[in-house]
Amino acid sequence: MVARNQLLQAPPYPVEQALNRLGQNLRTARIRRNFTIDEVAQKIGTGRRAVMDAEKGKPSTGVGAYVALLWVYDLLSQLNDVANPAKDEQGLTLVAPKQKTRARKSGELDSDF
């Protein structure tokens, strides 16, 4: 039987590594602030299992839990750079040839005399 969501069972290696790194960083942030798992869970309105799963980098943990933890640790502003279109070099390269190089008036008549 094939797993319904292979991302949860066996995510691509770079995804798995990024989640593990994020989880470790969240755990470090919690410990540096001297918060217990229970205190953090209460602050974000979830159970301790969600916090523990996020700190383990489990792909099944909802993105809301990760974002809420960043908020608790006052690290949420760093999320603004994630997938920022202005910093998407590949996306900007792909769209550059399609951008207009000059303005043209439409063929419509206007009543501006």
Report task. For residues Leu76 and Leu79, determine if any side-chain heavy atom of one lies less than 4.5 Å from a side-chain heavy atom of the other. Result -> yes
Please check this pair: side chain of [X] against backbone of [Y], looking for a donor-acceptor N/O pair closer than 3.5 Å.
| X | Y | answer |
| --- | --- | --- |
| Arg33 | Ala29 | yes |
| Arg30 | Phe35 | yes |
| Glu39 | Thr36 | yes |

Got a second to check how far [X]'s [atom1] is from [Y]'s [atom2], nearest 0.5 Å?
| X | Y | atom1 | atom2 | result |
| --- | --- | --- | --- | --- |
| Leu70 | Leu75 | CG | CG | 6.0 Å |
| Met52 | Glu55 | CE | CD | 9.0 Å |
| Gln78 | Asn25 | CD | CG | 9.5 Å |

Requested in this report: Go through Asp81 and Asn84 one step at a time and tell me if the side-chain contact (heavy atoms from CB on, under 4.5 Å) criterion holds.
Outcome: CA-CA 5 Å; Asp81 282 337; Asn84 182 339; 3.9 Å; yes
Please name the pair of heavy atoms, one in [X] and one in [Y], separated by the smallest distance, quoted to 0.1 Å.
| X | Y | result |
| --- | --- | --- |
| Leu26 | Tyr66 | CD1-CD2, 3.6 Å |
| Ala54 | Leu69 | CB-CD1, 3.6 Å |
| Ile44 | Ala65 | CD1-O, 4.5 Å |
| Lys43 | Trp71 | O-CZ3, 3.9 Å |

Query raised in the report: Can Leu92 be reached from Val82 by stepping across I, L, V, M, F, W or Y side chains whose heavy atoms are under 4.5 Å apart?
Result: no
Query raised in the report: Any chain of hydrophobic side-chain contacts (each under 4.5 Å) joining Leu19 to Tyr13?
Result: no
Query raised in the report: In this structure, are over 12 heavy atoms from other groups packed under 6.0 Å from Gln42 atom CD?
Result: no
